Amino acid sequence: MARDSTELAAPEPSAILDQLATAIVVVDARSNLIWLNPAAADLLATSPATARGRAFGSLVVDGAAMEALLARSRESQEPLALRGFSFAPASRGDARYQVDVSLTPLAGSE
């Protein structure tokens, strides 16, 4: 069947995620940041190039609390959601946020 010239090609998933106002980060099994969208870069007050490869906990003031959440979700292999989590980017000591956090372990990411 010929493709209709008015049919739009599906956008790449990362292009969609880049347009969201919601901060999204992806970490590896050691909690090193491997991908983040522009909203996450804004929240962390850093650039994607600077953040990639760094331990996610090193990018926030209370890194131990974030690392504990990541470990808890990873060990249980269950999603974890928290409301009103206190969050401050390490690069901006004057910024403090109350954020909702959703952690979802990805299959095969252990």
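Predicted model, so just to flag it, every value in this text is computed and none were measured. The figures that follow rest on heavy atoms only: side chains count, while hydrogens, waters and symmetry mates do not.
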Side-chain donor or acceptor of [X] paired with backbone N/O of [Y] under 3.5 Å:
X: Ser91; Y: Leu44; value: yes
X: Asp62; Y: Phe87; value: no
X: Asn37; Y: Leu17; value: yes
X: Glu75; Y: Arg72; value: no

Check your understanding: How long is the span from the CD1 atom in Ile34 to the CZ atom in Phe56, to the nearest 0.5 Å?
Key ->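 Interatomic distance, Ile34 CD1 to Phe56 CZ, rounded to 0.5 Å: 12.5 Å.
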Review point. When rounded to the nearest 0.5 angstrom, what is the spacing between CZ in Arg74 and CD in Glu67?
Key: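 Spacing of CZ (Arg74) from CD (Glu67) equals 7.5 Å.
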Is there a chain of hydrophobic side chains (I, L, V, M, F, W, Y, each step under 4.5 Å between heavy atoms) that links [X] to [Y]?
X: Leu103; Y: Leu59; answer: yes
X: Phe85; Y: Leu36; answer: yes
X: Val60; Y: Leu80; answer: yes
X: Leu43; Y: Leu69; answer: yes
X: Ile16; Y: Val25; answer: no

Review point. Any salt bridge (charged side-chain N to carboxylate O under 4.0 Å, His left out) pairs touching residues 33-61, not counting sequence neighbours?
Key: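 Residue pairs with at least one partner in residues 33-61: there are none.
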Practice item. Scan residues 82-101 for pairs that pass salt bridge (charged side-chain N to carboxylate O under 4.0 Å, His left out), counting only residues two or more places apart or in two chains. Key: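 Those involving residues 82-101 are Arg83-Asp100, Arg92-Asp94.
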Hey, does [Y] have a side-chain heavy atom less than 4.5 Å from the side chain of [X]?
X: Val101; Y: Val99; result: yes
X: Trp35; Y: Pro48; result: no
X: Glu78; Y: Ser73; result: no
X: Val26; Y: Leu33; result: no
X: Met66; Y: Ser31; result: no

Review point. Taking atom CD of Glu12 as the centre, does the number of heavy atoms from other residues, nucleotides or ligands within less than 6.0 Å exceed 12?
Key: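 No, because the 6.0 Å sphere around CD of Glu12 holds 12 heavy atoms or fewer from other groups.
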Point to revise | For Thr50, side-chain hydrogen bond (donor to acceptor under 3.5 Å, both in side chains) partners two or more places apart | key: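 Checked Thr50 against side-chain hydrogen bond (donor to acceptor under 3.5 Å, both in side chains); matches are Ser47.
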Practice item. Please report the shortest heavy-atom distance between Ala95 and Ala88, naming the atom on each side. Key: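 Closest heavy-atom pair between Ala95 and Ala88: O-CB, 3.3 Å.
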